[in-house]
Amino acid sequence: MTIPYGRQVISDQDLKAVRDVLKSDYLTQGPVVPAFEKAVSKEVSASFGVAVNSATSALHIACLAIDLGPGDILWTSPNSFIASANCALYCGANVDFVDIDSETYNLCPLKLEEKLAAAAAENRLPKIVMPVHMAGHSCDMERIAALGKKFGFKIIEDASHAIGASYAGMSVGCCAYSDITVFSFHPVKIITTAEGGMAMTNSPELAKRMRIFRTHGVTRDKADMEKTDEGEWFYEQHELGLNYRMTELQAALGLSQLGQLQSFVSKRQHLRHLYNKSNLRLLELNLPTDIARSTSSNHLFIIQLHLEKLSRSRKEIFQALRGRGIGVNVHYIPIYFQPYYQKLGFSRGLCPVAETYYERALSIPLSHAMSEEDLRRVVSIMSEEVV
Ligand SMILES: *Cc1c(COP(=O)(O)O)cnc(C)c1O
């Protein structure tokens, strides 16, 4: 049996919640989606939540709501899933990357500031900066928000890893330092709806625009219509929107999972502490560092191999661990290494810290589905294979 790097846990209560919805009047566009939105908003102290069918969709409608379009630029971290950059391309905008910090693996505020100063001189400032909370550890949002004020960009947090995390004593998702924050509910993330995501905001205008983009660009609100006296059936399309709706089944699962968020996060925290105290400390690798003012949701447990002191390559270690049932993975290949981005003109060398990080990175199993015994097995096999 392989111990996967991440895995969901589905309880009997989750099953019942989904079954109840299946037997109800609505499979989509019913009462459970708004209930899930309200519950997540309350959990993270945001005013609004807009549930959609994936975090990728949430990032897309977040960009659309901010009017990102042709001629505009979005900056993000190269150390992320491709969706963090693709959302800008969907809007016809351009994308660029800001290198990461070697300790936190998050977008580096210092490099952001330098790049902004250079871009200001060339009149090529970004409209949106999208920090990604790598492995569930918040970026330094206070500094990024201060730069946002100075250079006039909007901020979308890609918090796909980070529901249940906190920063400066506040829940990630409260949008104290951003316009919009996006969560993912993919099964490897902290809580799941199978596929699903949510965009949080404190702005009524952005929430309304995201809701319109989620459903074909259509409004049924009389206050917004050009013709108001057609009849009750009437609706108007004002934007080129999409069908990104979340189903009632997904929302029911999400609502039920949300009730377990704190216990999932505590379990992950506990396992992280066990790893940190374990014999992994004796191996040629760096463990994740604690970051000031930030409590991680511990979505991933990423180590950095000291390759110069090891006889095996990262690939050999990866294969050996996989071969022995340890479901390791690598997060992330720098986005601009992808052939699609290379064709857009990005070249290797753009973000040297992210590139060196990538060569040494290995995600080892950490999830609320894991037992302490699983963890001991990971440590013991790693001690034999990381040589
Ligand atoms: C998982 C993930 C996404 C995409 O989430 P989906 O819900 O699968 O669309 C985006 N950004 C990051 C950083 C992710 O880890």
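These numbers were taken from a predicted model, which means no experiment stands behind them. We number each residue from 1, following the sequence as shown. Start at 1 and go down the list; that is how both ligands and their atoms are numbered.
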Could you list the atoms of ligand 1 found under 4.0 angstrom from a heavy atom of [X]?
X	value
Lys189	1 (C), 2 (C), 3 (C), 5 (O), 14 (C), 15 (O)
Thr56	4 (C), 6 (P), 9 (O)
Tyr332	15 (O)
Gly196	7 (O)
Val132	13 (C)
Ser80	13 (C)

Report task. Decide side chain to side chain donor-acceptor pair (under 3.5 Å) for Asn279 and Ser383; before the verdict, give the C-alpha distance in whole Å, the side-chain angles of both, and the deciding distance to 0.1 Å. Result -> CA-CA 7 Å; Asn279 282 343; Ser383 302; 5.3 Å; no
Query raised in the report: Does a side-chain heavy-atom distance below 4.5 Å link Ile190 with Leu261?
Result: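 Yes; the side chains approach each other to less than 4.5 Å.
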Query raised in the report: Heavy-atom distance under 4.5 Å between the side chains of Val129 and Phe151, does that happen here?
Result: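 Counting from C-beta outward, Val129 and Phe151 never come under 4.5 Å.
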Query raised in the report: Do Asn106 side-chain atoms and Met134 backbone N/O form a donor-acceptor pair below 3.5 Å?
Result: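 Yes; judged by distance alone, with no hydrogens or angles, the pair exists.
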Report task. Look only at the side chain of Arg322 and the backbone of Val328, and say whether a donor-acceptor pair between them is shorter than 3.5 Å. Result ->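 Between the backbone of Val328 and the side chain of Arg322 there is a qualifying donor-acceptor contact (under 3.5 Å).
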Any N or O on [X] sitting closer than 3.5 Å to an N or O of ligand 1?
X	value
Ala55	yes
His161	yes
Asp158	yes

**Report entry** atom 3 (C) of ligand 1 [closest protein heavy-atom partner, distance rounded to 0.1 Å]
**Finding:**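 Protein heavy atom at minimum distance: Ser160 OG, 3.6 Å.
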**Report entry** Option whose closest heavy atom lies nearest to atom 8 (O) of ligand 1, chosen from His331, His186, Met198, His299
**Finding:**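 Going through His331, His186, Met198, His299 one by one, His186 has the nearest heavy atom to atom 8 (O) of ligand 1.
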Report task. Identify, with sequence neighbours excluded, every residue that meets side-chain hydrogen bond (donor to acceptor under 3.5 Å, both in side chains) alongside Ser11. Result ->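 By the side-chain hydrogen bond (donor to acceptor under 3.5 Å, both in side chains) rule, Ser11 matches Asp14.
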Report task. Measure centre to centre between the rings of Tyr5 and His331, then say whether the value is under 6.0 Å. Result ->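 Ring-ring flag for Tyr5/His331: true, centres closer than 6.0 Å.
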Query raised in the report: Centres of the Tyr244 and Phe213 rings: under 6.0 Å?
Result: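 No, too far apart.
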